[in-house]
Protein chains: 2
Amino acid sequence: MSDHNHMHADPEAALARAERVCRERGARFTSQRRRVYELIVCAGEPVTAYELLHRMGGDGGHPAPPTVYRALDFLQAHGLVHRLASQSRFVACDHPETGAHGGVFLVCDRCGRALEWQDERVARAVARSAREAGFELGDEVLPEVEGTCGDCRRG
Amino acid sequence: MSDHNHMHADPEAALARAERVCRERGARFTSQRRRVYELIVCAGEPVTAYELLHRMGGDGGHPAPPTVYRALDFLQAHGLVHRLASQSRFVACDHPETGAHGGVFLVCDRCGRALEWQDERVARAVARSAREAGFELGDEVLPEVEGTCGDCRRG
DNA sequence: CAAAAGACGATATAACATAACATTCTACGC
DNA sequence: GCGTAGAATGTTATGTTATATCGTCTTTTG
């Protein structure tokens, strides 16, 4: 019923997977997009666009905002990252291969980390609600809820 | 199971109710807060903080941003309005008296309207997910999902 | 009435995001 | 290879959302 959730232990694997996903779709996983994705994966927690921006700065300085936002748009469109609206932050998706991302984001109000918790029950309940309300659900249906994670509660 | 949802047919009633809710808690429903709440209720759809700001302008001009944000913070804290993170907009809560707001926001990607759909199944499924994940849910647990409402689909 | 707490005004600035247009890169047919 | 069309990126500017800070006023309470 509920899949166990995990952080990206292996950024290499995530990158390889992303590359494969893009190739299969004929989408170009350019160096910018790769760089942004890598930074998100390695962050291990939700990061803002401007944090990414500043981390991209190599020698001369960092690129302009549109550069990052364009990469983020691409990565979102291909399901590689999600935008946490409640935080204006971005996280890597745990399972970019599957089209459906049914579940819920559990966002910790203390440490700020977000768990992408897969749960068919939530997905089904939401789908059912939407149907009853006459709504047709879109693709980006990853509800976010705020709470306190186990680690933070235990101290 | 699913409650029917309705727009605020009667702003007067909503204001009276808000006033009562505040009085019961010893919170001050000041004129600023009343004004902001009234504007949100009358809008009938999600509105941005700056839209409220501009609508508050009476004679000389509109107040400064902190004025609106402070009022919004208060109203949110007392469950009178919700912030739709995905839109950075604010909507009146349909049932401010009850502490729990279990359900889901169905946000139309065409007309922009948001339906606060009460559904115990969603609330339970989310609560269950949270428990399994070791999360303790906070108060602000109103997941938002994007889709197309019945009106917009039918043309 | 005095003190304390809460609310509000005002200024400035931080943080998040996109519009618009120029330039460079890449794939693809020839 | 070579030209070209479309995609991607660079660049500048600006729009939008939100908060920090500090001073003043108002309300509550003892």
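As the structure is a prediction and not an experimental result, all values here were calculated from the model. Naming: A, B, ... by sequence-line order, numbering from 1 per chain.
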Take the protein atom CG of Leu53(B) and the nucleotide atom P of dG9(C), then report the distance between them rounded to whole Å.
12 Å
His62(B) NE2 - dC8(C) P separation (whole Å):
18 Å
Counting just side-chain N and O atoms, does Thr67(A) come under 4.0 Å of either OP1 or OP2 of dG10(D)?
yes
dC8(C) phosphate, OP1 or OP2, under 4.0 Å from Thr30(B) side-chain N/O
yes
Using whole Å, what does the distance between atom C1' of nucleotide dG6(C) and atom CD of Gln32(B) come to?
14 Å
Under a 4.0 Å threshold between the charged nitrogen and the carboxylate oxygen, would Glu38(A) count as salt-bridged to Arg34(A)?
no
Send over the distance from Leu52(A) CG to dA17(C) P, rounded to a whole Å.
11 Å
Please write out the pairs of protein N or O atoms and N or O atoms of nucleotides 18-20 of chain D separated by less than 3.5 Å, giving the distance to one decimal.
from, atom 1, to, atom 2, distance (Å)
dA18(D), OP1, Arg83(B), NE, 3.2
dA18(D), OP1, Arg83(B), NH2, 2.4
dA18(D), OP2, Tyr69(B), OH, 3.0
dA18(D), N7, Tyr50(B), OH, 2.7
dA18(D), N6, Tyr50(B), OH, 3.3

Every protein N/O within reach of nucleotides 21-24 of chain C N/O, cut-off under 3.5 Å:
none

Check whether Arg83(A) reaches the backbone of Gln76(A) with its side chain - one donor and one acceptor, N or O, closer than 3.5 Å.
no
Donor-acceptor pair, distance only, cut-off 3.5 Å: does the side chain of Arg121(B) make one with the backbone of Ser129(A)?
no
In this structure, are over 12 heavy atoms from other groups packed under 6.0 Å from Glu12(B) atom CD?
no
Check for a donor-acceptor pair, side chain of Glu136(A) on one end and backbone N or O of Arg153(B) on the other, with a separation under 3.5 Å.
no
Value in whole Å for how far the C1' atom of dT17(D) lies from CG of Leu84(B)
15 Å
Could you give the CZ-to-P distance, from Arg28(A) to dA5(D), as a whole number of Å?
17 Å
Output every pair passing salt bridge (charged side-chain N to carboxylate O under 4.0 Å, His left out) with a member in residues 61-78 of chain B, not counting sequence neighbours, ordered by first then second residue.
none
Please check the phosphate of dT17(D) (OP1 and OP2 only) for any side-chain N or O of Gln87(B) closer than 4.0 Å.
no
Given atom CZ of Phe29(A) and atom P of dA8(D), what is their separation to the nearest angstrom?
13 Å
Can you tell me if the side-chain N/O atoms of Arg33(B) get under 4.0 Å from OP1 or OP2 in dA7(C)?
yes
Any salt bridge between Glu51(A) and Arg89(A), counting N to O under 4.0 Å?
yes
What closest approach, in Å, do Pro65(B) and Tyr50(B) show between heavy atoms, and which atom pair accounts for it?
CG-OH, 3.4 Å
How many whole angstroms separate atom NE2 of His54(A) from atom P of dC16(C)?
9 Å
So which heavy atom on Pro11(A) is nearest to which on Val41(A), and how close?
CA-CG1, 3.8 Å
